[in-house]
Amino acid sequence: MARVSIFLAVPLALFVIGNACVRAAEPNETGTLHEQIDHLFEADTLVPPITPADDAEFLRRAMLDLHGIIPTADEARAFLSDPSPTKRSELIDRLLESPRYARHFATTFDVLWLERKQEKNIKSQDWYDYLYHSFHNGKPYDQLVREILAGDDTQEATRPTLKFYYARTVEPHALTRDIGRLFFGMDMQCNQCHDSPIVEDYKIGDYYGLYAFVSRTFLFQDKKKVPSLGEKAEGEANFKSVFTGESADKVVPKLPRGPALVEPAVLKGEEYAVKPAKDVKPIPKFSRRAALAERGVDGSTEMFDRNAVNRLWAHLMGRGLVHPLELHHPDNPPSHPEVLDLLAREFRENGCDVRYMLREIALTRTYARACELPNPQSLNAAAIALRSEVGQRDLDALEKQAPAANDEHETRRQKTLIKAKRKSLEEAQLAADYLHAAKTDAKQADIKWELLVRFWEDRGDVVLLKPLSPESFALSVLQATGAVDSAQEKIRVSFQSKKPKEWTAAEPADRPRVEAMFVEKLTYTQFNSSLQQFIGMYGDAPGADFGANLNQALFFGNAGVVEGLLKPVPGNLTDRLSKLSDPQAVADELYLSLFARRPTKKDESAVAEFLKDRQDRAAAIQELTWSLMSSNEFRFNH
Amino acid sequence: MKCDYACGTAEHGTSRRQFLGGLATGVGALTLGGSDSWIPVAAAEQLKQSQKRILTFFLHGGVSQLESWDPKPNTIWGGPFRSIATSVPDIRISELLPFTAQQMHHLALVRGINTKNSGHGPGQIQMTTGRNPMGAEQPHLGAVAAKALTPPSFSLPGHILIKGGGNSGGPAAYLGPRFAAVTLEDGKAPQHSQLPETVSGEAETRRQEFRRSANDRFAGRRRTADTDAYTLSFDQARDLMARRDVFDASKEPAREQERYGQSEFGQHCLLARRLLEEGVPFVQVNHSNYDTHYENFDYHLEQLGEFDRPFATLVNDLHERGLLADTLIVVMSEMGRTPRINPRYGRDHWGTAWSVCLGGAKVARGAVVGKTSSDGMSVVDREVDHGHLFHTYLQAVGVDTKQEFVIGGRKFPIADPAKGPIAELLA
């Protein structure tokens with residue numbers, strides 16, 4: 001099957017109109033992945049060029065995205081003063097190699113896959129450690145998901161993965177829904193009972209195709225009530241739609257948008273390797289669950305790869321190319337179809353390497369745009385007019401195209417592209433509306449501009465402000481106030497004096513790495529209770545819209561948690577700031593500690609004004625720090 | 001129908017708020033503006049007028065329908081109490097509720113409830129979420145009400161639980177912590193609503209002022225609905241702290257306190273009135289305990305004796321103060337109690353045929369829906385369950401319960417799509 005985007009069927013050309021240079025998407029096969037992404041992305045948007053993020057903005061953003069914590073003032077200073085032209089890519093590499101990367105991604109995927117569900121059969125720590133080591137060791141993503149779906153309790157190393165099943169009480173419908181959503185980007189909840197009235201593309205048969213893989217799996221308990229996953233060799237997936245009465249019996253397991261499973265013929269009476277009996281866990285000769293684990297992740301269905309890269313993109317950009325993340329279907333096309341195609345293809349070709357994808361996305365110009373909106377004046381009228389014209393022509397051509405007979409994949413693809421093309425025409429229309437209003441009516445122009453900006457925000461065509469996760473918010477507060485540094489230092493000293501056996505056993509060259517892992521882990525563990533407090537207060541459902549509320553504000557202001565961190569302790573932020581007599585130096589240290597940037601002139605004078613005539617300097621400094629930590633600039637990753 | 005989030009309109013960016021607006025059909029003013037903080041004063045006043053509210057009483061343990069809303073005196077299991085006439089000619093209720101009887105013209109009864117359950121835990125979930133307990137946690141009625149009814153610039157919590165015993169919380173589930181119950185333990189103000197001792201009032205003013213100016217500077221770089229919401233949350237916290245008195249029923253005139261009586265429940269009812277007057281969309285008052293496996297009659301005499309007068313006073317006050325038209329009142333339990341009287345003069349758990357009392361808002365005044373058999377053992381007319389009731393509560397305050405909440409792109413039906421409201425109960 002041709003994997004080249006149908007967008008390429010559009011005449012490739014270089015248009016030059018006036019001084020506007022508009023290029024249709026053209027693959028740049030020779031460039032690095034990040035260059036190719038930028039190339040496609042920039043050719044597919046009418047957003048005027050946005051200023052690149054400065055070093056401070058880039059550093060804070062990359063740290064929060066890859067480590068889930070802001071940099072210290074010292075880290076910021078070092079990065080800002082580093083003259084190396086390649087310091088950004090070096091930073092990304094460094095961040096991805098650090099134990100903190102594994103920590104942040106273990107946390108991120110723990111929340112994604114368990115959704116903060118409580119479950120007791122597998123210790124949370126074991127599950128978390130499993131994820132941590134998977135990310136730390138660069139386990140390919142397909143292998144990671146294969147292990148989780150396999151739910152194999154015979155291997156000590158992968159036993160913690162059972163938590164995924166247990167957290168759904170091994171209930172086949174809950175599993176079907178969550179596996180569809182989380183691993184294939186298709187939330188087929190409605191399809192348990194009927195074709196979806198909301199998503200035309202999702203059918204009741206799709207649901208039961210996936211359901212058939214897990215419907216024979218059940219929670220087994222041995223004599224001592226020790227749980228594990230059992231599986232039967234019989235039991236069929238049958239359905240009847242409550243709307244249409246459409247029904248099917250013995251639905252064959254079929255991957256979402258993938259092939260049906262061909263099951264080996266098994267002689268009657270010989271279905272089991274271990275036959276079911278009292279207190280005996282049955283083991284079928286052919287396991288549908290194992291088949292799901294194998295075929296689900298091996299590229300048999302493109303949904304696996306598309307879901308994965310879309311989520312990684314969303315992690316860094318604040319929004320998926322397909323959004324909502326769990327509704328991949330033709331009526332909800334990707335904002336940039338070729339970019340998603342490219343990412344999915346590269347992901348598979350590069351061994352489903354998460355680090356590789358993160359690195360390449362983080363190296364794009366797209367990632368490194370400043371958070372400011374573009375200037376309306378710099379909208380390119382010629383490009384907009386051209387988009388309308390060419391876009392309409394393309395759309396007509398696409399719509400006239402004969403539907404691909406008997407090729408579901410191609411039909412779906414055509415539909416997706418038509419829908420995407422309509423969106424891009426809509427963008428051109430909104431932009432043209434703005435330009436028109438700008439000439440005649442300033443108030444209308446503001447409204448039109450607002451609409452255009454919302455459109456761009458919905459597509460991730462401008463930088464999105466990402467609220468810090470509860471964990472990142474907590475860690476960043478701890479980092480900003482100096483609590484992390486001081487804990488880390490104590491742990492390091494103790495480590496070096498004790499020299500634990502992991503360290504002495506390691507090769508000398510490997511010892512710094514062992515030490516770093518050890519120190520990071522103990523530091524993180526030490527802050528567990530603070531983290532839990534923040535999670536309890538700020539932990540929305542994963543993927544939920546940002547919801548600031550007054551309970552959180554009361555907590556931040558009055559609970560004493562932040563107050564406690566602001567008390568002067570040798571070496572912490574309040575202590576450091578109190579020793580500085582020059583208000584400008586205070587502003588410098590404060591802004592670097594909280595925002596990884598140097599204060600502007602306005603910031604400096606505001607700080608100086610605040611400190612003027614204050615005899616109670618330590619108190620004044622705590623007030624200042626609290627104010628800035630409760631500000632938007634701190635709460636969001638921008 | 002195609003998916004609406006891909007419908008191609010640029011309003012998509014504001015869908016959250018528009019959704020809210022579209023949802024609360026009776027509360028058109030809620031759709032105002034694109035930003036939470038820009039509601040003109042006049043509109044805010046108007047909003048206060050039409051602000052819909054829900055007040056629930058949860059009688060923990062399971063109040064006996066036979067000693068309250070569906071008495072069957074002189075029948076085999078009717079028990080020793082008589083029934084009395086009420087302010088509605090055709091309705092008689094238990095003599096244990098003489099004051100409530102005089103307010104019956106503001107209220108209505110559902111007497112044909114069958115929740116097919118007889119456990120406290122599941123019953124509480126059923127009655128407060130409108131669903132059967134299964135798998136994922138569902139949001140409490142209070143969370144749903146707060147989500148659907150809280151005006152954008154409201155500075156108090158939208159979902160308040162006045163706890164007077166009883167094992168209950170107010171989970172918001174997928175609606176997020178913003179809508180979880182703020183619990184007033186023993187009628188005290190919410191957690192963290194006072195400055196830490198180390199921060200003086202002046203220091204607080206200074207630091208909030210600096211926070212605002214820092215936000216203004218950042219807004220020059222970028223401003224979004226989320227940054228506005230975050231800024232607003234601190235301002236709301238300030239408002240709440242300044243209005244801590246709202247949570248203090250002792251600030252009511254002595255005369256009012258007397259009217260409600262000195263019992264804990266009485267004071268909690270007075271506090272509920274204060275909160276409703278401030279426009280809080282959802283208040284639940286707990287009263288405990290009705291789990292009368294022993295001495296059912298003595299206990300009900302005592303418990304309902306405490307309940308009756310403050311409850312009736314509150315219903316009447318809401319009416320007299322013009323709030324009843326916008327305030328739904330519900331008296332619920334996790335279930336009813338067995339008609340059969342056990343050897344210990346107790347009644348046991350019973351979800352098969354029992355009652356709920358409701359009133360105010362759009363509820364048809366003086367209506368009675370449903371009927372139980374003369375022995376009280378079964379529903380003989382218009383059987384309904386928690387799912388129907390949940391739709392009814394919300395529709396009574398103008399929420400279109402056929403809608404869905406859209407959270408993080410996922411859709412969650414507001415109420416059980418397989419059920420609908422009790423139409424004849426909605427005026």
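Letters A, B, ... mirror the listed sequences (proteins, then strands); counts begin at 1.
The shortest side-chain heavy-atom distance between B:Thr198 and A:Gln622 does not fall under the 4.5 Å cut-off. Taking the side chain as every heavy atom from C-beta outward, A:Asn558 and B:Gln194 never approach each other to under 4.5 Å. Side-chain atoms of B:Phe234 and A:Gln552, non-hydrogen and from C-beta on, never get closer than 4.5 Å to each other. Using a 4.5 Å cut-off on side-chain heavy atoms (C-beta onward), A:His638 and B:Arg222 make no contact.
The contact between B:Arg221 and chain A is made by backbone and side chain atoms together, counting heavy-atom distances below 4.5 Å. Heavy atoms of B:Thr227 lying under 4.5 Å from chain A belong to its backbone as well as its side chain. Proximity to chain A (any heavy atom under 4.5 Å) is restricted, for B:Leu240, to the side chain, taken from C-beta onward.
If you take CD on B:Glu209 and OG on A:Ser627, they are separated by 9.5 Å, rounding to the nearest 0.5 Å. For the atom pair CZ (B:Arg207) and OG1 (A:Thr625), the distance works out to 11.0 Å, reported to the nearest 0.5 Å. Distance check, rounded to the nearest 0.5 Å: CG of A:Leu554 to CD of B:Gln236 gives 9.5 Å. Taking CZ from B:Phe218 and CZ from A:Phe636, the interatomic distance works out to 8.5 Å, rounded to the nearest 0.5 Å.
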- prompt: Where do A:Phe610 and B:Arg206 land on the side chain to side chain contact (heavy atoms under 4.5 Å, CB included) test, with the steps shown first?
  reply: CA-CA 9 Å; A:Phe610 194 89; B:Arg206 282 192 299 264; 4.0 Å; yes
